[in-house]
2 protein chains.
Amino acid sequence: MRRRRFGNAPAGTGVITMSDVANRAGVSSQTVSRVIGRPEMVTEETRKRVNDAIRELNYIPNEAARNLASNSSRVVAVVIPTLSSSAFAAQVKATIDTLEMRGISVIIGNSEYSVLREEQIIQTLLERRPMGFILTGLHHTPRAMDLLRQSGVPVVETWDTDTAPLDCAAGFSNIAAGHDVGSLLAARGSRRIAFVGGAAHQDSRANGRFIGLAKALEEADLPPPLRIELVLPMSTQDGIGGLDQVLQRAPMTDAIFFSADSLALSALLECNRRGLRVPEQLAICGFGDFDLASLVTPALTTVKIQPDVMGRTSAELLLARLDGDDKPASVVLQHQLIRRGSA
Amino acid sequence: MRRRRFGNAPAGTGVITMSDVANRAGVSSQTVSRVIGRPEMVTEETRKRVNDAIRELNYIPNEAARNLASNSSRVVAVVIPTLSSSAFAAQVKATIDTLEMRGISVIIGNSEYSVLREEQIIQTLLERRPMGFILTGLHHTPRAMDLLRQSGVPVVETWDTDTAPLDCAAGFSNIAAGHDVGSLLAARGSRRIAFVGGAAHQDSRANGRFIGLAKALEEADLPPPLRIELVLPMSTQDGIGGLDQVLQRAPMTDAIFFSADSLALSALLECNRRGLRVPEQLAICGFGDFDLASLVTPALTTVKIQPDVMGRTSAELLLARLDGDDKPASVVLQHQLIRRGSA
DNA sequence: TTGTAGGCGTTATCAT
DNA sequence: ATGATAACGCCTACAA
């Protein structure tokens with residue numbers, strides 16, 4: 001559907017522009033720009049005339065032109081491993097909601113747990129000159145870090161605060177969380193403990209949890225945990241596969257720490273089905289405190305981490321950075337071990 | 001971090017531009033543009049020189065300038081009720097993955113189940129001149145539809161094909177799905193059936209499922225279903241609240257159809273805890289076939305709908321439209337009633 | 001408070 | 001196959 005042109009502006013793309021509005025309102029296009037960007041700089045009288053013209057013409061500003069002229073994009077890039085994980089989805093939603101209030105849009109990249117894909121995504125997204133990047137974890141390819149550094153965009157890293165961030169971070173300590181789990185399992189009397197989680201080279205956050213677990217077990221004079229590494233992306237059912245691998249390799253295992261509740265829940269339900277008593281025969285601890293964790297029987301012992309707060313906080317950190325705070329302090333969110341029936 | 005300038009281009013934003021690359025490669029900037037956009041139009045010889053210059057200078061094209069000059073944005077806007085629903089997240093992920101291969105980014109808006117917020121989001125996103133919109137459902141405010149029509153952007157609607165789409169749709173029939181559930185419940189001998197789902201004015205898809213259910217019950221000469229409307233957004237735990245409301249208002253109810261598996265699962269687990277036998281005393285049917293549906297005991301009878309396929313298909317429909325197909329046919333995806341133990 | 005001039009970095013178009 | 005020129009629609013900087 002072609003739109004007819006108003007005013008006497010030269011034929012462009014056939015869409016209403018700022019100068020069309022200016023003509024209609026009898027002002028310069030600069031004034032229109034002000035009414036939109038800094039209304040307080042314009043007389044109420046003219047502001048009204050301009051706003052009327054905007055409404056009558058159904059004028060919609062062109063963000064690309066605005067970006068080019070102002071050299072700023074109102075876009076933030078978020079790169080996560082995958083949107084099809086409720087924790088990342090909740091995080092991203094919170095980020096979107098937080099930034100939307102400032103007129104900022106979010107563009108999402110799914111790295112599929114690969115730092116190489118992450119690098120590629122960063123390079124592509126850089127073309128949009130985002131105001132900032134929100135990344136997952138602290139581990140990236142050298143080239144990705146170079147690209148980021150050279151472009152000078154602010155970067156906020158999430159989900160991990162165990163090593164130094166590129167710029168600043170909003171996350172939690174996976175090591176501490178894993179350590180808490182290890183201490184709990186040791187305290188409750190578990191002796192032969194296993195860890196089931198994403199492969200270390202794919203998921204350094206899960207790896208941190210394993211490290212914390214191992215440390216706690218060592219402190220408690222327990223043997224080191226058996227570790228089962230799952231190839232990512234993983235499905236919920238993989239919890240059962242992990243359970244099987246553990247029982248096959250170490251039948252005497254009396255506790256399993258899963259790096260995600262999805263895995264823990266499927267394993268727990270499978271134990272119920274098989275008549276394997278939880279936690280008497282096998283204690284189970286998850287990670288993430290998913291919705292259903294408190295509803296299964298026995299209820300799942302897990303670690304709560306509030307991905308939504310992480311999403312909001314990372315956005316706020318970015319905004320602070322953009323508002324001039326040169327180096328806002330990283331935020332370490334507290335995780336919380338929630339002890340329920342399964343361990 | 002300020003970047004030093006190369007070549008002799010006039011001082012701009014201090015970032016490498018196409019003409020910097022052109023200087024370096026000893027060609028015009030137009031040739032650089034071609035190397036990036038239509039490499040086949042350039043001699044292999046010059047192409048190599050240009051690509052070398054690009055690499056040496058770490059040149060990154062400016063998408064905003066590209067958008068402005070070409071009058072096309074490489075952005076698609078997706079508006080869903082909320083990202084924190086695994087089905088919508090899976091859908092969006094598939095959309096992102098599909099479009100990414102064509103260099104298109106996705107911008108997401110969360111309508112929070114409100115057509116008014118949806119309208120507002122559409123208006124804002126229109127400023128980015130997206131190549132198209134992917135919306136949820138077929139119900140929008142008149143003004144939203146006007147905005148869309150006037151801007152001339154292609155629109156693909158998802159999650160519903162029960163009425164006429166604005167443009168084209170990739171979804172399924174909620175009425176048919178609800179009808180299937182009703183028929184199953186009737187056939188298995190349930191007589192007093194209840195429906196628990198999002199409020200009709202917020203979730204017209206759930207409403208469609210209710211309509212289908214009611215029709216099937218009527219056809220089977222059963223009394224109309226009791227309907228419990230939940231205020232959105234809902235949490236998983238609301239399944240228990242819905243269960244309680246049903247049992248309170250109609251204690252003789254022998255089957256409940258929940259409009260989402262999250263609700264059905266929490267209700268089912270609660271029944272287990274209370275010793276209410278499923279399906280003997282109360283049959284339960286969900287919607288969505290979430291990961292855990294097959295893992296709980298009894299396994300959840302539900303309707304599978306493949307949100308990921310919907311996400312991919314809607315993107316493909318949009319691409320077809322952009323590639324010239326004036327009015328691609330809507331795609332009606334098949335739902336599938338999966339009968340397991342709970343009903 | 002408002003207007004004028006110039007430029008943002010790229011692509012389209014037309015020449016060569 | 002490559003180059004010159006003119007937009008694209010808006011904002012910054014400065015002038016009135």
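All values derive from a computational prediction rather than experimental measurement. Proteins get letters first, then strands, A, B, ... in listed order; numbering begins at 1 in each.
Closest to the A:S28 side chain, of the nucleotides C:dT11, D:dT2, C:dG3, is C:dG3. Comparing atom distances between the A:M18 side chain and each of C:dT10, C:dA12, D:dC10 picks out D:dC10 as nearest. The A:R66 side chain lies nearest to D:dC11 when the options are D:dC11, C:dT10, C:dG3. Considering only the side chain of B:T31, D:dT2 comes nearest among D:dC10, D:dT2, C:dT10. Among D:dC11, C:dT13, D:dC10, the nucleotide with an atom closest to any side-chain atom of B:Q30 is C:dT13.
A donor and an acceptor atom never sit less than 3.5 Å apart when one is taken from the side chain of A:R129 and the other from the base of C:dG9.
Among residues two or more places apart in sequence or in another chain, the ring pair (Phe, Tyr, Trp, His ring centres under 6.0 Å) test is passed with B:Y113 by none. Take A:R102 and apply the side-chain hydrogen bond (donor to acceptor under 3.5 Å, both in side chains) test, not counting sequence neighbours, and it matches A:D323. Considering only residues two or more places apart in sequence or on other chains, B:D52 meets the salt bridge (Lys or Arg N to Asp or Glu O under 4.0 Å) condition with B:K48, B:R55. Scored by the side chain to side chain contact (heavy atoms under 4.5 Å, CB included) test, A:Q120 finds A:R117 as partners (sequence neighbours excluded).
Looking at residues 43-55 of chain B, you'll see B:T43, B:T46 sit with a heavy atom under 4.0 Å from some atom of DNA chain D.
Atom pair A:N67:CG and D:dT12:C1' shows a separation of 15 Å (rounding to whole Å applied). In this structure, the CZ atom of A:R34 is 10 Å from the C1' atom of D:dT12, given to the nearest Å. Computed from coordinates, the B:R128 CZ to D:dC10 P distance equals 14 Å when rounded to whole Å. Rounded to whole Å, the distance from CZ on B:R38 to P on D:dT2 is 14 Å. Look at CD on A:E127: it is 10 Å from P on C:dT10, rounded to the nearest Å. As a whole-Å value, the separation of A:N62 CG from D:dA7 C1' is 14 Å. For B:I60 and C:dT10, the CD1 to P distance is 11 Å, given to the nearest whole Å. Between the CG atom of B:N23 and the P atom of D:dG3 there is a distance of 11 Å, given to the nearest Å.
The 12-atom threshold is not exceeded at CD of A:E44, counting heavy atoms of other residues, nucleotides or ligands nearer than 6.0 Å.
Residues B:I107 and A:I107 meet the side-chain proximity criterion, which asks for heavy atoms closer than 4.5 Å. At least one side-chain heavy atom of B:P165 sits under 4.5 Å from a side-chain heavy atom of B:L138.
B:E63 and B:R66 are joined by a salt bridge, as a carboxylate oxygen and a charged side-chain nitrogen come within less than 4.0 angstrom of each other.
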Pair A:S70, A:S72 - check side-chain hydrogen bond (donor to acceptor under 3.5 Å, both in side chains), show working. CA-CA 5 Å; A:S70 69; A:S72 148; 4.6 Å; no
Go through the steps for B:L135 and B:E118 under the test side chain to side chain contact (heavy atoms under 4.5 Å, CB included), then give the verdict. CA-CA 9 Å; B:L135 304 180; B:E118 185 193 56; 4.2 Å; yes
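Nearer the 5' end of DNA chain D, as judged by each residue's closest nucleotide, is the contact made by B:G26, out of B:G26 and A:L68. Mapping A:A65 and B:R74 onto DNA chain C by nearest heavy atom places A:A65 at the nucleotide closer to the 5' end.
Over its length, the helix from C:dT1-D:dA16 to C:dT16-D:dA1 turns its helix axis by 20°, as judged from the five terminal pairs at each end, rounded to 10°.
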